[in-house]
Amino acid sequence: MRPAPTILHLDMDAFYASAEQAAKPSLRGKAVVVGGLGPRGVVATASYEARRLGVHSAMPTAQARRLAPNAAYLVPRFSLYRTVSDQVMELLGRLSPLVEPLSLDEAFVDLEAGGTADDSASARATGEGLRAAIRAVTGLSGSVGLAGSKMLAKIASEEAKPDGLLLIEPGTERELLAPMSVRILPGVGPATGDHLRRAGMTTVHDLAEAGEAELVRLVGKAHGHGLHRMALGLDDRPVVAERDAKSVSVEDTFDVDLHDRVRVRAEVERLAVRCVERLRAADRSGRTVVLKVRRYDFSTLTRSETLRGPTDDPTVVREAAARLLESVDTTGGVRLLGVGVTGLADYTQEDLFAQAADARELAQRDREHHAPAAEESVPEPEADTAEQLAARRWPAGHDVHHEEHGHGWVQGSGIGRVTVRFEEPWSAPGRVLTFRIDDPLLRPADPLPLVRESPDYSSWPASLPKSRSSGAAASEGGESSP
């Protein structure tokens with residue numbers, strides 16, 4: 001535990017949904033749900049307007065539609081979210097060299113390591129300055145928690161939501177935590193929370209009073225020891241700048257079970273290419289290819305193949321995934337497919353081309369071995385319906401451009417039509433028009449920036465009040481702070 005609240009936790013408010021509201025003037029102040037829109041879709045995030053209706057992340061979209069039938073349901077636009085996340089992380093990097101991203105919209109920052117804070121006053125000024133900078137650069141709001149430990153900083157940011165800041169003064173931790181639910185502590189999920197409730201422990205105060213020995217008896221040695229320390233407000237984990245990923249993977253859940261073997265193989269190969277794209281974007285390679293198949297009865301199978309060395313070759317990964325598929329029975333139907341790469345490295349082996357050739361030769365032998373007789377016919381893949389094609393080409397919420405009407409976004413599509421609202425992040429709510437899905441004047445477009453003219457923050461945070469340590473260093477050096 002630190003004697004000053006110099007660990008900052010930032011959590012953007014309802015990030016995906018807030019970004020969509022900022023991009024679409026007609027949705028501001030209205031319920032917005034972002035996630036999968038098919039029968040098996042799941043909510044990724046919901047705006048605060050939708051949350052008041054009972055919608056929350058990880059909820060089936062079908063259930064969300066029953067709770068909020070008039071909400072706007074949109075397909076995620078990850079290219080936009082990553083762009084905004086990069087802007088936010090760049091601001092955090094100006095505060096300290098120790099920034100620990102947890103996701104696109106969440107991160108810890110060690111302000112002491114950056115010399116931007118060493119007491120409560122400078123920490124609060126830095127936190128408020130960060131919130132103002134994020135709003136100016138991205139148009140979005142974020143909640144900030146400040147404390148002497150990571151656990152408490154994260155709890156503080158959660159308590160500050162939405163669009164707030166909470167600083168926990170060192171020495172007040174136990175008083176603050178005591179009345180809170182045990183579920184506020186990291187690692188206490190529904191099952192552990194219910195187990196503790198049955199033992200008569202519902203608040204953090206109950207855990208602290210129970211003592212370490214009783215918690216060890218209830219939940220085991222490792223978890224019990226950590227739980228007791230957290231109940232006392234103790235957490236010595238450092239902010240770690242690099243969080244090394246152990247794997248890269250992609251997966252898709254299908255609205256309708258896939259039965260056709262040719263279609264299943266095509267989907268696996270498509271996922272393999274997407275997986276390699278992510279692998280290359282992270283400047284990594286991997287040695288083990290993993291295939292995940294969830295069948296019609298919800299049983300999930302995984303198969304893996306370890307290569308001779310790390311690779312980021314799409315042909316190698318695609319063909320390895322296709323070979324793994326041969327060992328899986330998919331006749332009953334497939335509801336989810338995934339392809340991943342583990343055993344990550346920062347390099348690829350020198351004989352990638354030889355490996356790809358070996359993989360192709362092995363695949364060719366396999367195809368020859370399983371080749372159908374001359375009189376047998378290979379089944380054609382299942383054809384998508386016109387509505388499925390329209391939904392894939394024109395996802396709800398995604399950007400489009402019309403040569404006559406300009407930039408807009410898809411409100412919905414089906415029965416050979418696509419409905420578009422024409423507006424920009426800085427315009428008034430726009431008008432709605434409907435077109436044929438094959439209209440030659442309409443095309444998909446890239447997202448627009450959320451702020452038309454982003455202010456220059458190249459010198460930020462030089463304008464923030466200096467911490468005492470940085471001020472002292474400047475005085476000793478005989479130079480004034482910039």
Side-chain angles (χ1 to χ4, degrees), residues 1-15 45-46 48 51 56-59 98-112 120 123 127 142-162 164-240 243:
M1 292 292 296
R2 297 185 177 185
T6 55
I7 293 182
L8 179 149
H9 181 259
L10 170 73
D11 196 354
M12 299 296 288
D13 299 322
F15 183 47
T45 192
Y48 287 98
R51 294 182 189 190
H56 57 77
S57 60
M59 170 184 286
L98 293 182
V99 177
E100 182 178 341
L102 303 179
S103 62
L104 289 176
D105 62 334
E106 186 179 2
F108 287 109
V109 184
D110 187 334
L111 300 179
E112 186 176 311
S120 296
S143 295
V144 168
L146 293 156
S149 71
K150 290 169 70 173
M151 179 189 76
L152 290 166
K154 184 173 175 61
I155 289 174
S157 69
E158 185 65 30
E159 292 294 304
K161 282 186 169 293
L165 180 150
L166 177 63
L167 184 150
I168 300 178
E169 290 284 358
T172 67
E173 298 91 351
R174 291 193 63 176
E175 181 183 355
L176 175 80
L177 290 173
M180 293 184 174
S181 167
V182 296
R183 292 289 305 278
I184 198 73
L185 299 178
V188 180
T192 302
D194 191 54
H195 187 55
L196 294 171
R197 180 187 59 78
R198 289 196 299 270
M201 303 177 195
T202 58
T203 67
V204 176
H205 172 76
D206 296 334
L207 299 182
E209 290 296 306
E212 183 178 344
E214 177 63 10
L215 293 177
V216 167
R217 186 186 69 81
L218 285 171
V219 298
K221 184 175 181 179
H223 198 17
H225 173 72
L227 201 56
H228 186 250
R229 283 183 56 81
M230 289 189 292
L232 298 177
L234 302 177
D235 176 22
D236 297 323
R237 293 173 299 158
V239 176
V240 181
R243 293 171 61 89

Once rounded to the nearest 0.5 Å, what's the spacing between atom [atom1] of [X] and atom [atom2] of [Y]?
| X | Y | atom1 | atom2 | answer |
| --- | --- | --- | --- | --- |
| T192 | H223 | OG1 | NE2 | 4.0 Å |
| L227 | L232 | CG | CG | 10.0 Å |
| L166 | L146 | CG | CG | 8.5 Å |
| R51 | S57 | CZ | OG | 7.0 Å |
| I155 | D235 | CD1 | CG | 9.0 Å |
| L215 | L196 | CG | CG | 7.0 Å |

So if I apply the side-chain contact (heavy atoms from CB on, under 4.5 Å) rule between I184 and each of M230, K154, M151, E159, which one comes out positive? E159
Please evaluate residues L185 and V204 with respect to the criterion side-chain contact (heavy atoms from CB on, under 4.5 Å), reporting the C-alpha separation (whole Å), side-chain torsions for both, the decisive distance (0.1 Å), and the verdict. CA-CA 8 Å; L185 299 178; V204 176; 4.2 Å; yes
Run the side-chain contact (heavy atoms from CB on, under 4.5 Å) check on T45 and D105 step by step: do they pass? CA-CA 12 Å; T45 192; D105 62 334; over 6 Å; no
Identify the heavy atoms of P101 and A107 that sit nearest to each other, and give their distance. CA-CB, 3.8 Å
Closest heavy-atom contact between D11 and E106? OD1-CB, 4.2 Å
For [Y], is there any backbone N or O sitting under 3.5 Å from a side-chain donor or acceptor partner on [X]?
| X | Y | result |
| --- | --- | --- |
| H195 | V219 | no |
| E100 | V239 | no |
| R2 | S149 | no |
| D206 | T203 | yes |
| E173 | G171 | yes |

Any side-chain donor near an acceptor of the partner, D13 and S143, under 3.5 Å: yes
Is the shortest heavy-atom distance from the side chain of [X] to the side chain of [Y] under 4.5 Å?
| X | Y | value |
| --- | --- | --- |
| H228 | V216 | no |
| L177 | L152 | yes |
| P5 | S120 | yes |

Which one of H225, K221, R217, R229 satisfies the side-chain hydrogen bond (donor to acceptor under 3.5 Å, both in side chains) criterion with E212? H225
